[in-house]
Amino acid sequence: MTNNVNHAEQGQWELAGQILSALAEAAEPVSAIRLAKRLGTGQSSLLRCLNLIGEPPFAAADALGWVAQVHDGERLMLSLTPAGLAALEQLT
C-alpha cells in the first residue's frame, strides 16, 4: 500500500512539473480543458494537482500558490504565478 501511495504522489509531482512547464511556455492564460488535453491527462487529475499547486480560493488553503486560477465565464483559466516560475527554475 505504501508503494502505491508513494507512486501516486510521485505522479502528482511529475504532473505538477509538466503543468508549470506548459504554463511557462504559454504567452497567455490557458484553459484547464486545453491544458489537460495538451498534457494527455484527465481533467480530474489536473484539478487534483491544481488543488496542491494552485492559489486559494480554488485550491486548498495550504496550496503552494504556483498557478493562478481565474474563472472566465464557464472556463477555468490557468497561468503561472511568480512563485510558480521560481519553483520551475529550481526544478530544472
Side-chain angles (χ1 to χ4, degrees):
M1 179 86 168
T2 303
N3 284 341
N4 288 341
V5 172
N6 290 339
H7 182 69
E9 187 175 303
Q10 180 181 354
Q12 285 288 311
W13 290 114
E14 288 175 11
L15 180 56
Q18 294 171 356
I19 291 169
L20 294 179
S21 294
L23 292 176
E25 293 172 3
E28 55 190 38
V30 178
S31 75
I33 293 170
R34 185 166 293 196
L35 183 60
K37 286 180 182 178
R38 179 177 175 194
L39 298 178
T41 191
Q43 275 189 285
S44 61
S45 296
L46 180 76
L47 294 175
R48 274 193 305 274
C49 191
L50 289 172
N51 196 44
L52 298 172
I53 67 170
E55 286 186 323
F58 301 112
D62 61 347
L64 298 171
W66 294 349
V67 177
Q69 303 171 73
V70 176
H71 281 282
D72 179 18
E74 295 291 318
R75 298 184 309 164
L76 177 61
M77 303 301 290
L78 308 172
S79 60
L80 199 59
T81 66
L85 183 58
L88 179 61
E89 289 174 358
Q90 288 191 343
L91 292 173
T92 57

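- Residues Leu23 and Leu35 have side chains in contact (heavy-atom distance under 4.5 Å, counting atoms from C-beta outward).
- Evaluation of the side chain to side chain contact (heavy atoms under 4.5 Å, CB included) rule for Leu88 yields Leu20, Ser21, Ala24, Thr92 as partners, not counting sequence neighbours.
- Residues Leu80 and Val70 are members of separate hydrophobic clusters, defined by side-chain heavy-atom contacts under 4.5 angstrom among Ile, Leu, Val, Met, Phe, Trp and Tyr.
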Show me the donor-acceptor pairs, under 3.5 Å and distance only, between side chains in residues 48-61 and residues at least two apart or in other chains.
from  : atom 1 : to    : atom 2 : distance (Å)
Arg48 : NH2    : Ser45 : OG     : 3.3
Asn51 : OD1    : Ala60 : N      : 2.9

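- Residue pairs meeting the ring-ring contact (aromatic ring centres under 6.0 Å, His included) criterion with at least one member in residues 73-92: none, sequence neighbours excluded.
- For residues 23-32, every residue pair satisfying the side-chain hydrogen bond (donor to acceptor under 3.5 Å, both in side chains) rule, not counting sequence neighbours, is listed here: Glu25-Arg38.
- Within the structure, the salt bridge (Lys or Arg N to Asp or Glu O under 4.0 Å) test picks out no pair touching residues 76-87 (sequence neighbours left out).
- Remark: Gln43 pairs with no residue by the side chain to side chain donor-acceptor pair (under 3.5 Å) rule, at least two apart or across chains.
- From Gln12, atom CD reaches atom CD1 of Ile19 across 8.0 Å, with rounding to the nearest 0.5 Å.
- With a 6.0 Å radius and a threshold of 12 heavy atoms from other residues, nucleotides or ligands, Ile33 has its CD1 atom at or below the threshold.
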- prompt: Between Val67 and Thr81, is a side-chain contact (heavy atoms from CB on, under 4.5 Å) present by the stated rule, with each step listed?
  reply: CA-CA 5 Å; Val67 177; Thr81 66; 5.7 Å; no

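- Under the side-chain hydrogen bond (donor to acceptor under 3.5 Å, both in side chains) criterion, the residue pairs touching residues 62-74 are Asp72-Arg75, with sequence neighbours excluded.
- Hydrophobic clustering (side-chain heavy atoms under 4.5 Å, transitive across Ile, Leu, Val, Met, Phe, Trp, Tyr) groups Leu78 together with Trp13.
- Not a single salt bridge (Lys or Arg N to Asp or Glu O under 4.0 Å) links Arg34 to another residue, sequence neighbours left out.
- Leu76 places a side-chain heavy atom less than 4.5 Å from the side chain of Leu47.
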